[in-house]
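Encoded as structure tokens, the structure appears first; notes follow it.
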Amino acid sequence: MFKMLREDVEVIFEQDPAARSYIEVILTYSGLHAIWAHRLAHPLYKRKFFFLARIISQISRFFTGIEIHPGAQIGRRFFIDHGMGVVIGETCEIGDNVTIYQGVTLGGTGKEKGKRHPTLKDNVLVATGAKVLGSITIEENSKIGAGSVVLKDVPPNSTVVGIPGKIVIRDGVRVARDLKHNELPDPVAEKLAEMESQMNMLKKEINKLKSGSDA
């Protein structure tokens with residue numbers, strides 16, 4: 001157990017250039033606090049001390065802004081960078097050397113029973129604000145782009161972006177598809193286009209009224 005806790009600290013130094021000292025990391029990194037609270041809560045949950053496990057997870061959530069259900073299974077060298085707004089569901093399974101950023105949700109869709117949250121295999125990275133939903137598997141060495149919504153299994157060595165998430169790179173090779181970043185859904189641009197269309201219609205109506213008055 002001590003070895004695992006030490007690895008949780010060491011991975012921060014490997015991945016965060018802002019980390020300066022052990023005392024700073026141990027005292028100020030909320031992601032580390034949330035992981036350590038989970039390391040305590042999860043064994044209690046497995047031994048059916050559900051209420052006590054939930055109390056620990058809720059206290060951790062209050063102080064860190066990170067919600068990890070005590071039933072989630074988390075491997076070694078797990079790194080939560082910044083972490084505010086992270087949610088990890090009860091039946092999540094997370095492998096070794098996994099990294100997630102702030103605002104990430106590993107949740108359910110509200111339809112499943114039993115295993116209803118994602119499985120992240122070893123060396124997966126989930127970027128800021130991404131949502132990975134349902135009983136799906138993100139295979140080894142895959143990356144989920146910022147703001148993506150992933151609802152289907154992701155094969156190994158893949159990069160997924162967009163809403164819904166689509167594979168753009170696999171095994172280091174760009175996947176041939178029409179998806180382009182400038183074609184991802186943009187609600188602001190869509191609203192502006194709608195307003196422009198309405199303005200053009202109003203201009204036509206005004207021109208018709210002017211033509212009628214001139215006659």
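- Hydrophobic cluster membership for I206: none, as no Ile, Leu, Val, Met, Phe, Trp or Tyr side chain comes under 4.5 Å of it.
- Two residues are said to be in side-chain contact when any heavy atoms from C-beta on lie closer than 4.5 Å; I35 and I74 fail this criterion.
- The one candidate from L106, I144, L151 that meets the side chain to side chain contact (heavy atoms under 4.5 Å, CB included) condition with P118 is L106.
- Grouping Ile, Leu, Val, Met, Phe, Trp and Tyr by side-chain contacts under 4.5 Å, direct or through others, leaves V87 on its own.
- In this structure, N207 contributes its side chain and K203 its backbone to a donor-acceptor pair below 3.5 Å.
- Between R77 and E7 no salt bridge is recorded (no basic side-chain N to carboxylate O distance below 4.0 Å).
- Here I80 contributes atom CD1 and I100 contributes atom CD1; the two are 4.5 Å apart, rounded to the nearest 0.5 Å.
- The side-chain heavy atoms of V98 and V126, taken from C-beta on, include no pair separated by under 4.5 Å.
- Between E139 and S158, every side-chain heavy-atom pair lies at or beyond the 4.5 Å cut-off.
- Scored by the side-chain hydrogen bond (donor to acceptor under 3.5 Å, both in side chains) test, E10 finds R6 as partners (sequence neighbours excluded).
- A pairwise comparison of heavy atoms in S57 and P70 identifies OG-CD, 3.7 Å as the closest pair.
- Annotation: side-chain contact (heavy atoms from CB on, under 4.5 Å) contacts of P43 (sequence neighbours excluded): R47.
- By the criterion of side-chain heavy atoms lying less than 4.5 angstrom apart, applied directly or through intervening Ile, Leu, Val, Met, Phe, Trp or Tyr residues, V160 is not grouped with L125; the two fall into different hydrophobic clusters.
- The number of heavy atoms from other shown groups lying within 6.0 Å of NZ (K115) is above 12.
- For the pair T137 and V154, the minimum side-chain heavy-atom distance is 4.5 Å or more.
- For the pair T128/V104, no side-chain contact is recorded, criterion being any heavy-atom separation below 4.5 Å from C-beta on.
- Across all non-hydrogen atoms, the minimal contact from A19 to V25 is CB-CG2, 3.8 Å.
- Judged as a salt bridge (Lys or Arg N to Asp or Glu O under 4.0 Å), the pairs with a partner in residues 53-72 (not counting sequence neighbours) are, in order, R61-E67.
- Going from atom NE2 of H117 over to atom CD1 of I88 covers 11.0 Å, rounded to the nearest 0.5 Å.
- Between E90 and R116 there is a salt bridge, with a side-chain nitrogen of the basic residue lying less than 4.0 Å from a carboxylate oxygen of the acidic one.
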Between V9 and L32, does a side-chain contact (heavy atoms from CB on, under 4.5 Å) hold up when you go through it step by step?
CA-CA 7 Å; V9 175; L32 179 65; 4.0 Å; yes
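- The number of heavy atoms from other shown groups lying within 6.0 Å of CE (M84) does not exceed 12.
- For residues 68-102, the ring pair (Phe, Tyr, Trp, His ring centres under 6.0 Å) pairs, not counting sequence neighbours, are Y45-H69.
- Within the 4.5 Å cutoff, the side chain of V124 has no heavy atoms near those of the E140 side chain.
- Residues satisfying the side-chain hydrogen bond (donor to acceptor under 3.5 Å, both in side chains) test with N141, not counting sequence neighbours, are N123, N157.
- Under the 3.5 Å distance criterion, the side-chain polar atoms of S142 are matched with a main-chain donor or acceptor of P155.
- Residues that satisfy the side-chain hydrogen bond (donor to acceptor under 3.5 Å, both in side chains) test with D81, not counting sequence neighbours, are absent from this structure.
- Proximity of a side-chain donor or acceptor of T64 to a complementary backbone N or O of S60 within less than 3.5 Å is detected.
- Checking side-chain atoms of N97 against main-chain N and O of D122 turns up no donor-acceptor pair under 3.5 Å.
- Legend: residues meeting side-chain hydrogen bond (donor to acceptor under 3.5 Å, both in side chains) with K46, ordered by chain and number and at least two apart, are absent.
- Other cluster members for F51: I55, I59, F62, F63, joined by side-chain heavy-atom distances under 4.5 Å among Ile, Leu, Val, Met, Phe, Trp and Tyr.
- Taking each heavy atom of G145 and A130 in turn, the nearest pair found is O-CB, 3.7 Å.
- Residue I56 belongs to a hydrophobic cluster whose other members are L40, L44, F49, L52, with links defined by side-chain heavy atoms closer than 4.5 Å.
- Under a 3.5 Å cut-off, the side chain of E24 and the backbone N or O of R20 do form a donor-acceptor pair.
- Nearest heavy atom pair, residue A72 against residue I68, reads CB-CG2, 4.4 Å.
- Here the side chains of I136 and T119 are not in contact, with every heavy-atom distance at 4.5 Å or above.
- Between atom CD of residue E14 and atom OG1 of residue T99 there is a gap of 10.0 Å, rounded to the nearest 0.5 Å.
- Sorted by first and then second residue, the ring pair (Phe, Tyr, Trp, His ring centres under 6.0 Å) pairs with a member in residues 5-41 read F13-Y22, H38-H42; sequence neighbours excluded.
- A salt bridge links R39 with D8: the closest approach of a Lys/Arg side-chain nitrogen to an acidic carboxylate oxygen falls below 4.0 angstrom.
- Cluster membership check: V11 shares its hydrophobic cluster with L5, using side-chain heavy-atom separations under 4.5 Å among Ile, Leu, Val, Met, Phe, Trp and Tyr.
- The local environment of NZ in K143 is sparse, with at most 12 non-hydrogen atoms from other residues, nucleotides or ligands closer than 6.0 Å.
- Interatomic distance, K152 NZ to I167 CD1, rounded to the nearest 0.5 Å: 10.0 Å.
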